[in-house]
Amino acid sequence: MEIPAKYNPAAVEDKWYSYWLKNKFFHSEPNEKEPYTIVIPPPNVTGVLHMGHMLNNTIQDVLVRRARMKGKNACWVPGTDHASIATEAKVVAKLKAEGIEKSSLTREEFLTHVWEWKEKHGGIILEQLKKLGASCDWDRTKFTMDAPMSRAVINTFVYFYKKGLIYRGVRMVNWDPESLTAVSDEEVIHRETKSKLYYLRYYLSENGKPSGRYIVIATTRPETIMADAAVCVHPQDERYKDLKGKKILIPLIDKEIPVIEDSYVTMDFGTGCLKVTPAHDINDYEIGLRHKLPVLDIIDEHGKLNEKARILVGEDRFAARKKIVEMLRQGGYLEKEEDYISQVGYSERTNAVIEPRLSLQWFLKMESLAKKALEYVESDTIRLIPDKFKNTYRHWMENVKDWCISRQLWWGQRIPAYYLPGGEFVVEPDEETAIEAARKIDPSVKAEDLRQDEDVLDTWFSSWLWPVSVFDPEKPGFPDRKPNRELAYYYPTNDLITAPEILFFWVARMIMAGNEFTGKIPFENVYLTGIVRDKLGRKMSKSLGNSPDPIKLMESYGADGVRVGMLLCSSAGNDILFDESQVEQGRNFANKIWNAYRLVQGWETDENEMQPEYAALAVKWFENRLNKAIGQIEDHFRKFRLSDSLMTVYKLFWDDFCSWYLEIVKPGFRAKMDSATYGTTVKFFDSLLKLLHPYMPFITEELWQNLKERKDGETLMLERMPEEAPYSEELLASFDVAAQAVMNIRNIRQSKNISPKEPLELHAGLPYKDEMGPIIRKLANVSAIRVLPKLETDARGVNFMVDTIEFFVPLKNFIDVEAEVAKMKAEMEYLEKFLKTVNGKLSNEKFVQNAPAAVVEMERKKKSDAEMKIENLKNRICILTKA
RNA sequence: GGGAGCAUAGCUCAGCUGGUUUAGAGCAUCUGCCUUACAAGCAGAGGGUCAGGGGUUCGAAUCCCUUUGCUCCCACCA
């Protein structure tokens, strides 16, 4: 059968993926084997695949496939996250485009729309992962809002509430006026933003009327002055000593406020006077608490001024800022304005400027949870890879603040707090138990009197249960409950592959929840991938349009090619600068494998043919080479050096197998191959396909299926990975000498214009052992190798050295003596310099005394080798110049 | 403002406990080749003051200090 010269991934990938699915090769059930478990970091249910997912999931798939081939019961649990803010925002936008306002819908109506959207778009990303070859156990696919998963969330809320760790309180929260919800500290991104610092005159009050005297206050937020509760100066500030106990009037509205003293104020910033606005600034709020100042909230949930502001009511905060500046200017209150760069908080989800806002929220106390979570990482019970993230992890855990877990959204798990008409509330997993509990407070309460909290829980409050709840959703919330069979078998999971940006959002919290409910860690290793950037180092984003479409990429380069491209440039924790040329390299590698297969399968064998000597030697050498590489690969995996492991296989296949092994055993034109060599070659190919499979599942399955007759239901996926075996370093070294000789002879042919078809003779000096002679003869077309105790050279031929072995290739014609001598002189110069540094070391008594014996010995060998080489060159130059 | 990390070939990175390192790989570049598996290939070649400076040491890309330049994390001095 004619095989095309180029590998066509499209013809192969879908075929094998459905074969794997059909045979349920990805499916795992608890059994007597050792488990290997990964839970996927659940992507947003409405998301589409981006390059970050590609990297992340390729790594997971490599680890899972490899574990499976090492005989473990590998289980990779896939799923999606309901992502409350992101999903709700998307659906709100979609409804708006259809002319429907969220506010016109009831909660139930809105949720129906979201579920519809989820059914339609949810899972696109999972389908895309299949294109990548991800060997997830799809039968286990979970969604964070599946009924059992949601119940787990509710149960944990009730658990922590009853444990006293969840409380409700009025706090300054980060308010997102776009999505109309509070967000956690971690979801606020601070960016330097150009703004202005306004210097305003606040007049001293004389019986409620402005006196002639004023003080100047610097502010970036003049639109909040109506909410000022005081003016604050530093107690030690001499300039304002006489203001003590005085009253000040807020400009424009002439409201009287006190002057207070607090050491929070920095004397040398601005004017040393601070306006205190407890409702709209976190620090001011704290000052307000210390001085018992009234809190006047003048900005509503949309970021507009409300009627309490008295002026500019209904204006957006930014419009109001412009307008009030104008009013202040006209009123003579504006002393000056300066350009100013300040750190402004933006919502991670909507990019709206965060408004500090007082509101009633639910919080989880973190201190006790964080303690244990820190210990696990500090003691390396959980390993972070790379471990430089331990520092940031520690810093966060030591400075952890209570977690605001309520969100003013509808999409998510609704907080199971039920309010009685009297204002009291109970926290219970469902309405029935809530009524029972409520009746203990007020026996007359009826079911319809209870009102459930309107808010839902932060998405991370559900995803922190993920490694537990995907196996046993009944367990979270009940630490004493016996784990089910699945949890007992698969948990703790082995490796977690995720991005460092969610180390705190997610990883740390999974450790907390895992420990709380199972008493165990959720995973052993956390491999933190870098951010995928474009080749200019910019983060890939939709707005920049610098992110390639992963699906298109796979269509043009093949999934295997893309996987290889991603892996080659990704070391743990480093950002990866993505460039299509890397993917091209992956595709080229797939093509190389394809063509090696074409070569091997095209060979015809002859039972009666004897195995040539060169083939026997090549087999012996490659066996050793393979074993060495397997050891190196094992080592790389132990250290999570995935790109190095791939590079090792890459070179093993391309350089050692294709460029050397196959070239040696390749029979002459139209000749047949002996069946022993053929059989071994197929065996080697088989081993290589196994080593390659975790990185390149599709092409390897395709070739493995064709390499021999296979039965239906057989798969490379479940074959055993070749195992480490001893090898001989001497044998490999001996081959290297031969390989060097071959390369030198090829070089000579090229520079002297001698056809590869013309046989040459080779003379070798004494340290040479002719173990690999047949290989040199075959690859370099050498008719005979003469090993001579004393090499005799003349101007009719070229010499070269491999290590300290001298070779000579006699030629028919005289050579260009001048050029040859020049080359050797350059070589000699290099060696003499080298010798000088070595001699420098050896003549240094302190070195000889202090350095380890082995190091000194090494230097001595360097010295004698260099001396010997120089001697050889001298002789040769002497012979050539005399002749 | 505080903390952490990084800086090695044109690019992406190795270099692990200081000693086969006058520093390696892959890609890219250049020069030959459409040689009967592969031009998505083959055979060669060039390319580096290990960011700058100082120190420790017999010995430094590696350890310490410092300068510069990037990156990240934390922190709302209005």
Side-chain angles (χ1 to χ4, degrees), chain A residues 3 5-7 174 185 188 190 197-198 217-221 232 264-266 268-277 281-284 340 342-345 354 356 386 388-393 395-396 399 500-501 503-504 531 535 537 557 561 568-571 573-579 581-582 584-603 635 639 641 643-644 647 650-651 658-659 662 666 668-670 743 746-747 749-751 755-757 830 833-834 836-837 840-841 844-852 854-856 858-859 861-862 865:
Chain A
I3 309 173
K6 289 204 166 32
Y7 170 57
N174 306 298
D185 290 343
V188 180
H190 293 276
L197 198 53
Y198 302 94
I217 290 167
T219 180
T220 53
R221 300 205 58 189
C232 187
Y264 167 79
V265 179
T266 318
D268 51 12
F269 186 89
T271 60
C273 280
L274 171 71
K275 73 185 204 57
V276 183
T277 321
D281 184 285
I282 180 72
N283 294 308
D284 291 13
Y340 183 70
S342 65
Q343 294 286 333
V344 175
I354 291 295
K388 65 177 177 185
F389 287 107
K390 257 171 109 168
N391 285 329
T392 38
Y393 181 86
H395 186 261
W396 191 76
N399 296 284
E501 37 196 8
L503 189 56
F504 312 132
I531 297 166
K535 61 176 168 182
Y557 295 97
L568 277 176
C569 56
S570 61
S571 47
N574 287 344
D575 284 359
I576 80 163
L577 276 75
F578 180 82
D579 187 17
S581 70
Q582 291 150 353
E584 209 176 297
Q585 190 186 347
R587 177 201 60 179
N588 294 355
F589 184 40
N591 202 48
K592 185 73 186 180
I593 300 169
W594 181 256
N595 276 293
Y597 171 75
R598 284 178 67 213
L599 176 67
V600 171
Q601 73 86 43
W603 285 336
D635 189 51
K639 294 169 181 160
R641 293 164 180 259
S643 58
D644 288 338
M647 191 42 74
Y650 180 95
K651 284 196 254 187
C658 293
S659 299
L662 290 181
K666 197 178 189 174
F669 188 51
R670 297 230 167 116
M743 286 193 277
R746 282 175 181 166
N747 240 331
R749 284 183 189 278
Q750 194 179 342
S751 63
S755 155
K757 284 175 185 132
Y830 172 88
K833 255 196 220 165
F834 178 73
K836 223 173 128 187
T837 64
K841 276 189 196 176
N844 182 340
E845 257 175 58
K846 284 180 181 166
F847 169 75
V848 181
Q849 273 166 22
N850 295 325
V855 174
V856 178
M858 201 78 75
E859 291 302 313
K861 186 171 172 357
K862 274 191 204 168
D865 283 3

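Convention: sequence-line order gives letters A, B, ...; per-chain numbering from 1. Since we're looking at a predicted model, the values are computed, not measured.
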Are the side chain of A:Asn844 and the backbone N or O of A:Gly840 linked by a donor-acceptor pair below 3.5 Å?
no

pair A:Tyr7-A:Ile593: side-chain heavy atoms closer than 4.5 Å:
no

Judged by nearest nucleotide, the residue sitting upstream toward the 5' end of RNA chain B, A:Thr837 or A:Asn174, is A:Thr837

Distance below 4.0 Å between A:Tyr650 side-chain N/O and B:C27 OP1 or OP2
yes

Touch check for A:Lys861, heavy atoms < 4.0 angstrom, all strands: base, sugar-phosphate only, or nothing?
base

What contact category does A:Asn850 fall into here, base, sugar-phosphate, or nothing, at under 4.0 angstrom with non-hydrogen atoms?
base

Among B:C58, B:A25, B:G15, find the nucleotide with the atom closest to the side chain of A:Lys846.
B:C58

Proximity to the side chain of A:Arg746 - top-ranked nucleotide from B:A37, B:A43, B:G26:
B:A43

Classify the nucleic acid contact of A:Met858 as base, sugar-phosphate or nothing, counting any heavy atom under 4.0 Å across all strands shown.
base

Using modelled atom types only, decide if a donor and an acceptor are shared between the side chain of A:Asn595 and the backbone of A:Ala5 within a distance under 3.5 Å.
yes

Heavy atoms from C-beta onward define the side chain here; which of B:U20, B:A78, B:G19 lies closest to that of A:Pro852?
B:G19

Out of B:G44, B:C76, B:C74, which nucleotide sits closest to the side chain of A:Asn747?
B:G44

How would you label the contact of A:Gly272 with the nucleic acid (heavy atoms, under 4.0 Å): base, sugar-phosphate, or nothing?
base

At 4.0 Å (heavy atoms only), tell me whether A:Arg641 reaches a base, stays on the sugar-phosphate, or touches nothing.
sugar-phosphate

Please examine the side chains of A:Lys666 and A:Leu599, heavy atoms only from C-beta on, and report whether any two atoms are closer than 4.5 Å.
yes

Mind checking A:Thr219 for me? I need base, sugar-phosphate or nothing, with any heavy atom below 4.0 Å counting as a touch.
sugar-phosphate

Watson-Crick or G-U counterpart of B:C30, or none if no pair lies under 3.5 Å:
B:G44

Let's test this: given Watson-Crick or G-U wobble pairing with both distances under 3.5 Å, identify the partner of B:C72.
B:G3

Minimum-distance nucleotide (side-chain atoms of A:Cys658 versus B:U22, B:C73, B:A37)
B:A37

Taking atom C1' in both B:C16 and B:A60, what distance in whole Å separates the two?
16 Å

Just verifying a value: how many Å separate A:Leu503 CG and A:Phe389 CZ, rounded to the nearest 0.5 Å?
7.5 Å

Looking across every strand, which nucleic acid part, if any, lies under 4.0 Å from A:Pro756 by heavy atom: base, sugar-phosphate, or nothing?
nothing

Go nucleotide by nucleotide along RNA chain B from the 5' end; which of A:Glu584 and A:Leu599 gets its closest nucleotide reached first?
A:Glu584

Is A:Phe589 touching bases, backbone alone, or none of the nucleic acid, heavy atoms closer than 4.0 Å?
nothing

Which of these nucleotides, B:G44, B:C38, B:C73, is closest to any side-chain atom of A:Lys592?
B:C38

At under 4.0 Å between heavy atoms, what does A:Lys275 touch on the DNA or RNA strands: base, sugar-phosphate, or nothing?
nothing

Of the listed B:G15, B:G19, B:A37, the closest approach to the A:Asn595 side chain comes from B:A37

Respond yes when some side-chain nitrogen or oxygen of A:Lys666 is under 4.0 Å from OP1 or OP2 of B:A37, and no when none is.
yes

Expressed in whole Å, how much space separates the P atoms belonging to B:C27 and B:G44?
15 Å

So what does A:Val276 touch, heavy atoms closer than 4.0 Å: a base, only the sugar-phosphate, or nothing?
nothing

From the set B:A37, B:A78, B:C76, return the single nucleotide nearest to any side-chain atom of A:Ala596.
B:A37

Is there a side-chain contact between A:Met647 and A:Tyr650 (heavy atoms, below 4.5 Å)?
yes

Proximal nucleotide (of B:C27, B:G44, B:A37) relative to the A:Gln585 side chain
B:C27

For a 4.5 angstrom cut-off between non-hydrogen side-chain atoms, does A:Asp284 reach A:Leu274?
yes

From the options B:U22, B:G44, B:C58, select the nucleotide whose nearest atom is closest to the side chain of A:Gln750.
B:G44

